[in-house]
Amino acid sequence: MLEHFGLRAPALRSRELWADTRSGVRVTTARPLDLLLFNATDDAFGAHVGVCAGEDAVLHLCAEVGRPAVWRPADFAARERYRVLVGIKRITDVVGAADIS
């Protein structure tokens, strides 16, 4: 989805995504297209990742309902396995940007 808007998110698991500093930065306030990581604890390992879709809206792949869904952060907090917002990651790597590695 992010590539549709010109952003390139790395193909990483949640823990590595959270630790990555090449393609994004951690932020404290979400804005559209930021990634939100939810888990039962504040550990990024195994965290569920959603995309900020606007104020009070997180788009995510939802096994619970069997399709993509939009939930409020409170909907995540109400579920034991998603009750903690591990953090917010803003992807800064732009599709088409020169690779300087």
Side-chain angles (χ1 to χ4, degrees):
M1 180 180 149
L2 295 182
E3 284 190 20
H4 180 74
F5 292 96
L7 299 172
R8 181 179 25 221
L12 300 172
R13 295 229 179 253
S14 56
R15 177 181 274 172
E16 290 79 24
L17 174 67
W18 188 238
D20 174 62
T21 58
R22 262 184 90 142
S23 59
V25 296
R26 295 177 185 183
V27 296
T28 57
T29 304
R31 67 181 190 203
L33 301 179
D34 286 346
L35 302 177
L36 290 87
L37 286 77
F38 296 94
N39 209 348
T41 69
D42 63 358
D43 187 358
F45 179 79
H48 186 69
V49 180
V51 178
C52 179
E55 188 175 329
D56 211 31
V58 180
L59 173 65
H60 67 114
L61 298 177
C62 185
E64 189 174 314
V65 296
R67 60 179 165 73
V70 177
W71 286 1
R72 297 170 300 132
D75 297 324
F76 288 93
R79 290 162 171 83
E80 185 66 26
R81 67 180 178 263
Y82 304 137
R83 66 182 174 87
V84 176
L85 174 62
V86 175
I88 305 163
K89 191 78 179 231
R90 181 162 300 144
I91 300 301
T92 57
D93 193 7
V94 178
V95 173
D99 183 21
I100 54 176
S101 57

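Given the structure is predicted, the values throughout are model-derived calculations rather than measurements.
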Would you say R8's side chain and V94's backbone share a donor-acceptor pair under 3.5 angstrom?
yes
Contacts of R83 meeting side-chain contact (heavy atoms from CB on, under 4.5 Å) (sequence neighbours excluded), chain-then-number -> E80
Residue pair V58 / F38, side-chain heavy-atom distance below 4.5 Å
yes
Under the side-chain contact (heavy atoms from CB on, under 4.5 Å) test, residues paired with D42 that sit two or more places apart
V84
Taking atom CZ of F76 and atom NE2 of H60, what is their separation to the nearest 0.5 Å?
3.5 Å
Supply the members, apart from W18, of the Ile/Leu/Val/Met/Phe/Trp/Tyr cluster built from side-chain contacts under 4.5 Å; use none for a lone residue.
M1, L2, F5, L7, L12, L17, L33, L35, L37, V49, V51, L59, V70, V86, I91
Looking only at heavy atoms, which two atoms of A30 and C52 are closest? And how far apart?
CB-SG, 4.1 Å
Validation row: D43, R15 side chains within 4.5 angstrom (heavy atoms)
yes
Validation row: E64, R81 side chains within 4.5 angstrom (heavy atoms)
yes
Side-chain contact, heavy-atom cut-off 4.5 Å: L85 with P73?
no
Has the side chain of R90 got a donor or acceptor atom that lies under 3.5 Å from a matching backbone atom of T29?
yes
Take a 6.0 Å sphere around CZ of R79 and say whether it holds more than 12 heavy atoms from other residues, nucleotides or ligands.
yes
For R31, I'd like to know if atom CZ has over 12 heavy atoms of other residues, nucleotides or ligands within 6.0 Å.
no
Could you tell me whether a side-chain N or O of N39 sits under 3.5 Å from a main-chain N or O of F45, the two making a donor and an acceptor?
yes
S23 side-chain N/O to A9 backbone N/O, donor-acceptor pair under 3.5 Å:
no
